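Note sheet for the following structure.
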Amino acid sequence: MDLINLRILDVVDIVLVALLLYYIFKLVKGTAAINIFIGIVIIYLVWKLTEFLAMEMLSTVLGEFIGVGMFALIVVFQQEIRKFLLLIGSTNFGNRRKFLRQLKIIRDAPEESLTDITAIIQACKRMGDTLTGALIVIKRNTSLDFIKSTGDELDILVKTPIIESIFYKNSPLHDGAMIIEDNRILATRAILPVSNDRDIPLRFGLRHRAAVGITEKTDALALVVSEETGQISYIKNGSFVIYKSLEELTLKIQHDLV
């Protein structure tokens, strides 16, 4: 009889909870936190089952665990919570449609990024061929003013020769990170926060750790050219993104920027 009395608001409530769980799953998917998330969901479902079956002792134990566990979740998922809050906090009414597209709640016609990704990738390829190290950060939603202020602020249109000249080994601007926003180079020699993630392979140096650090704390994208191997690394959300060719890398970045 309770099902007959199901209200529209109850249906909305169920749908919203399902959406919340879905997007939390997407947020932690591909990270070490996914196993923890699945374990928590299983424990919660078992707790609700014991409540339904009136197994009072086990239900009480699991209920206390769930209650205390909420504080532990804040510690365990601090990076994921930071990313989610950054995503919300950096979204205003002017770019709310972009925020909803990121959550895939709405689907607009494909857009093109203002940033000349082809020029950036071409510069990275040339620098890789000459074993010239580089660190490029591309802004998305989160403001990077706190990073730009640590370096030399500029305002130059993105061009392959410009990027190469800035990271040329004898250039006074080559050390540190380049900040790109809306197809403009807005800063060089910027100092980035370095990640303390112990899972980063030892073969990666400070450039890669700085790229991971800035993408952990903001939603920015980062490209690193290794001066030892010439390899181009693409970092997003604190993780290395795998790609098979420079064409695929270009498409991935263009997709992530719109």
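Computed from a prediction, not measured in an experiment: that's the story for all the values here. One is the number of the first residue; the rest follow in order along the sequence.
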N/O donor to acceptor pairs below 3.5 angstrom from side-chain atoms of residues 169-180, sequence neighbours left out:
from	atom 1	to	atom 2	distance (Å)
K169	NZ	L131	O	3.3
S171	OG	I166	O	3.2
S171	OG	L173	N	3.2
H174	ND1	S171	O	2.7

Not counting sequence neighbours, list each pair that qualifies as a ring-ring contact (aromatic ring centres under 6.0 Å, His included) and has a residue in residues 114-171. none

Donor-acceptor contact present, side-chain [X] to main-chain [Y], <3.5 Å:
X	Y	answer
S195	R209	no
E248	K244	yes
S239	I235	no
R140	D219	yes
T160	A119	yes
N183	V158	no

Between [Y] and [X], is there a side-chain heavy-atom distance shorter than 4.5 Å?
X	Y	value
I200	V212	yes
I242	Y234	no
L144	E181	no
L62	T50	yes

Determine whether L246 and L251 fall in the same hydrophobic cluster, where Ile, Leu, Val, Met, Phe, Trp and Tyr are linked whenever their side-chain heavy atoms lie under 4.5 Å apart. no

Parallel, tilted or perpendicular: ring planes of W47 versus Y44, cut at 30 and 60 degrees: perpendicular

